[in-house]
Amino acid sequence: MSRTPHEIALLRESADLVARTLAEVGKHIFPGQKTLVLDSIAEEFIRSYDAIPAFKGYRMARLPAFPCTLCISVNDAVVHGFPGSYVLQDGDLVSIDCGVLLNGYYGDSAYTFGVGELSAENIELCTTTYEALLLGIAASSSHNTLGDIGYAIQRHCESKGMGVVRDLVGHGIGSNLHEPPQIPNYGMPNKGDRIQTGMTFCIEPMINLGTHKVFIDRDGWTVRSADGSASAHYEHMVCVHSDGPEILTTFEFIEQHITPPYKQIEIIPYG
Ligand code: MG
Ligand code: MG
């Protein structure tokens, strides 16, 4: 589905708010912090802009409504973790996913933070996942297909021996949080629907240090890696223009306050 320039302008505002919310949360990530506190900070920040936390009360088939503003997924948790009484520890990887609804349009972005000092392998995981996101974005042109995006992400992560989670995918975004098309993080070049100018969607690689397989925790929501290996998740909203992709969200605000958990990277775009 192609968006009008007016809709894209509104989505840019929602994307900006979600980027600023993640930055506000990022300021408060340190060893000893309770994840529930991060959730309150995010909710208060979003509501101060007369916006609504998009995940709170969100329903997926057969599941109870999601109770919080943020998904906070620590270490082997891939996505959809609950904020709660867990206290962040030095060396934790904490993936924070945030959604907002502003003026009828959604914003959705995720960032994996490091708590204190990260292990070398967790830095490698963050670096590869972030690189994969940029490669997926670079493949998001109207000359390509959705399969090209997935292929760019999968090829890069699997070449480093990491697992690409398949059970969850990126998605179109607009006046609904999740819209067609689905944007898998795996695929074959030249396969799948052709990418159209004016499309807006979220690209969100979820990458495990070990197996790509996942399971759902007893809480009904938290997705964990099957082998207990660490997982990272970076998500941007993208709009496809005739001259290439525009990234609607940004990590710039976050990285004004923290040092990224990934290494400086050099990307050779796919295609
Ligand atoms: Mg998200
Ligand atoms: Mg998303």
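Order of appearance sets the numbers: ligands from 1, and atoms from 1 within every ligand. Atoms considered below: every heavy atom in the structure, side chains included; atoms not considered: hydrogens, waters and symmetry mates.
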message = Treating Asn144 as the side-chain partner and Ala139 as the backbone partner, does any N or O pair qualify as donor plus acceptor under 3.5 Å?
response =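 Answer holds: yes.
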
request  = State whether the side chain of Asp219 and the backbone N or O of Trp221 hold a donor-acceptor pair below 3.5 Å, judged by distance alone.
outcome  =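 A pair under 3.5 Å: yes.
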
Closest to the Mg ion (ligand 2), which N/O/S atom of [X] is it?
X      : answer
Glu235 : OE2
Glu204 : OE2
Asp108 : OD2

Cationic N near anionic O, under 4.0 Å, Asp16 to Arg12 =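 Arg12 and Asp16: not salt-bridged.
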
inquiry  = One thing to verify: whether Glu246 and Arg3 come together as a salt bridge, which I'm taking to mean a side-chain N less than 4.0 angstrom from a carboxylate O.
reply    =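 Looking at Glu246 together with Arg3, the answer is no, because their closest N to O distance does not fall below 4.0 Å.
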
query = Under the criterion side-chain contact (heavy atoms from CB on, under 4.5 Å), which of Val164, Ile153, Val169 is the partner of Pro184?
reply =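 So the option named by the test is Val169.
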
ask   = Is His171 close enough that one of its N/O/S atoms sits under 2.8 Å from the Mg ion (ligand 2)?
value =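 Coordinating: yes.
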
message = For the Mg ion (ligand 1), give me the closest N/O/S atom belonging to Asp97, just the atom name.
response =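 The Asp97 atom nearest to the Mg ion (ligand 1), restricting to N, O or S, is OD1.
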
